[in-house]
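Below is one structure, written out as structure tokens, with a few remarks after it.
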Amino acid sequence: MITIKSAPARVGARIVGIGAYRPTRVVTNDEIAPLIDSSDQWIQQRTGINSRRFASEHETLEEMAVLAATEAIADAKIKSAQIGVVLVATLTNPVQFPAVAPTIATRLGIPDPGAFDVGAACAGFVYALSTAADMVKAGSVEYALVIGAERMTDVLDMTDRGSAFIFGDGAGAFVVGPADFNGFGPIIFGSDGSQAEAISMTSTWFDFRSGKVPEPPTLRMEGQQVFRWAVSEMVGVAQRAITAAGLEPKDLAAFIPHQANNRITDAIVKALDFPDSVAIARDIRDSGNTTAATVPLALHALRSEGRAPAGAPALLLGFGAGLTYAAQVVALP
Ligand code: UT7
């Protein structure tokens, strides 16, 4: 039997820097409501959203990702050249291939990194983060850059009453690096492909190209079905991630769930009985649901408000199309 040498594993990995980019254009509920026979009051009461950002033409997916990542790299106080891998969680890359990660890496001046996109929708950032953490811990790379970026407006139908008011655009990024302690609890993830239709596209691109459908595909969501699934399943997922990290809900400094709906967040917060000492991310209020970008944007907002103490444990939770979910306790940067 031959021995295959492995890279020397590290003691631990942790998040060492974060960044965010929010498009400049603020879009209020009042701007969207007339398109879908809705109202500011209904949208606020049913979701917690006051406004969201919509990207302008020059705020491309790539551009937003580069700007968020530039801040994260500066925050980490490292040089781009130290990054060995770039992971981009997104479902709005405007082309099916190539992945957007290599172009972003090149624009950031990272020489020859591993670079790939992660397609797990609203859970994508947490999937990508745990993958990056494992790569750093295993010694595969020294630093990993993880980006969640979306231009949801590219796939929205602004006349669809079930989704037009929920989504927004933006990008967030984390840098993961080596640490002399363990900054990541076990990842708890899973999927349920039997509910793939719950959040999907109105048709395939091939149906559009062959003329079977007259319009290009747009996002479509069975809101109630996803809501019920999230409320009934995500409490257990969150609890499992906390327990797997050897902690209890009261030990956390912050809970940063996917920003899908404040009522889903409320249900999880109530079921886990978080004390007031746990900061709850509510970035949905001003950002809407930015799919793979919600978790890094929400942590960025929490830290700007002084509610994310460095080194303290926080629970990240992503869930959405697939259906997919992922939860992990991390040490705050
Ligand atoms: O990021 C991926 C994960 N996504 C999610 O987790 C989303 C989960 N789902 C949701 O957040 C919610 O289901 C929505 C916010 C999408 C919808 O809220 P809801 O409370 O489930 O609304 P509903 O579909 O049950 O509709 C309730 C009422 C209905 O009227 P009646 O039958 O009670 O008279 C709808 O016709 O609200 C009406 N309605 C609306 N009214 C104004 C539905 N959509 C709208 C609208 N504006 N846009």
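If you read the sequence from its start, that first residue is 1, and numbering goes on from there. First listed ligand is number 1; within each ligand, the first listed atom is number 1.
Looking only at heavy atoms of the protein, atom 20 (O) of ligand 1 is closest to R263 NH2, 2.8 Å. Among protein heavy atoms, atom 39 (N) of ligand 1 sits closest to W42 CZ2, 3.4 Å. Counting only heavy atoms of the protein, atom 48 (N) of ligand 1 lies nearest to R161 O, 3.0 Å. Nearest protein heavy-atom neighbour of atom 21 (O) of ligand 1: Q224 CG, 3.6 Å. Taking atom 47 (N) of ligand 1 as the reference point, the nearest protein heavy-atom neighbour is S38 OG, 2.6 Å. Closest protein heavy atom to atom 28 (C) of ligand 1: R46 NH2, 3.9 Å.
Not close to ligand 1: A230, with no non-hydrogen atom less than 4.0 angstrom away. For I166, the closest heavy-atom approach to ligand 1 falls below 4.0 Å.
Protein heavy atoms are absent from the space less than 4.0 angstrom from atom 32 (O) of ligand 1. Using a 4.0 Å threshold on non-hydrogen atoms, atom 44 (N) of ligand 1 counts as touching the protein. Less than 4.0 angstrom separates atom 10 (C) of ligand 1 from at least one non-hydrogen atom of the protein. By the definition of a contact as any protein heavy atom under 4.0 Å away, atom 6 (O) of ligand 1 is in contact.
The contact set between ligand 1 and A260, taken as ligand atoms under 4.0 Å from a residue heavy atom, comprises 5 (C), 6 (O). Numbered from 1 in the order shown, with element, the atoms of ligand 1 that lie under 4.0 Å from a heavy atom of I199 read 2 (C), 3 (C). Remark: ligand 1 atoms within the under-4.0 Å shell around heavy atoms of N261 are 10 (C), 11 (O), 12 (C), 15 (C). Every atom of ligand 1 is numbered from 1 in the order shown, and the set under 4.0 Å from a heavy atom of V226 is 3 (C), 4 (N), 5 (C), 6 (O). Contact atoms of ligand 1 toward T47: 15 (C) (distance under 4.0 Å to a heavy atom of the residue). Interface atoms of ligand 1 facing N289, defined by a heavy-atom separation under 4.0 Å, are 1 (O), 2 (C). Listed by atom number, the atoms of ligand 1 under 4.0 Å from H258 heavy atoms are 1 (O), 2 (C). Atoms of ligand 1 found under 4.0 Å from any heavy atom of C122, numbered from 1 in the order shown, are 1 (O), 2 (C).
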Item to complete: Run the numbers on T90 and N93 for side-chain hydrogen bond (donor to acceptor under 3.5 Å, both in side chains), then give the verdict.
Response: CA-CA 7 Å; T90 187; N93 184 7; over 6 Å; no
Worksheet item: Does the pair V155 and M152 meet the rule for a side chain to side chain contact (heavy atoms under 4.5 Å, CB included), with working shown?
Response: CA-CA 6 Å; V155 295; M152 293 304 293; 4.0 Å; yes
Worksheet item: Run the ring pair (Phe, Tyr, Trp, His ring centres under 6.0 Å) check on Y325 and F189 step by step: do they pass?
Response: CA-CA 5 Å; Y325 63 82; F189 60 24; 8.2 Å; no
Worksheet item: Please walk me through it: do R53 and V26 pass side chain to side chain contact (heavy atoms under 4.5 Å, CB included)?
Response: CA-CA 5 Å; R53 306 290 184 104; V26 175; 3.5 Å; yes
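Ionic pairing of D283 and R52 is not present here: no N-O contact between side-chain nitrogen and carboxylate oxygen is shorter than 4.0 angstrom. A salt bridge is absent between E59 and R22; no separation between the charged side-chain nitrogens and carboxylate oxygens falls under 4.0 Å. Between R263 and D266, none of the side-chain N atoms (NZ, or NE/NH1/NH2) sits under 4.0 Å from a carboxylate O, so this pair counts as no salt bridge. A salt bridge does not link D180 to R14: none of the charged side-chain nitrogens sits closer than 4.0 Å to a carboxylate oxygen.
The residue I43 has no part lying near ligand 1, judged by heavy-atom distances below 4.0 Å.
Donor-acceptor pairing under 3.5 Å is lacking for the side chains of D30 and T28. A donor-acceptor pair shorter than 3.5 Å cannot be found between the side chains of D154 and T92.
Residue S39 has no nitrogen or oxygen atom sitting less than 3.5 Å from a nitrogen or oxygen atom of ligand 1, judged on distance alone.
For the atom pair CD1 of I18 and CZ of F174, the computed distance is 6.0 Å after rounding to the nearest 0.5 Å. The structure places OG1 of T290 at 7.5 Å from CD of E150, a figure rounded to the nearest 0.5 Å.
Nearest heavy-atom pair, P249 versus Q239, reported as atom, atom and distance to 0.1 Å: CG-OE1, 4.1 Å.
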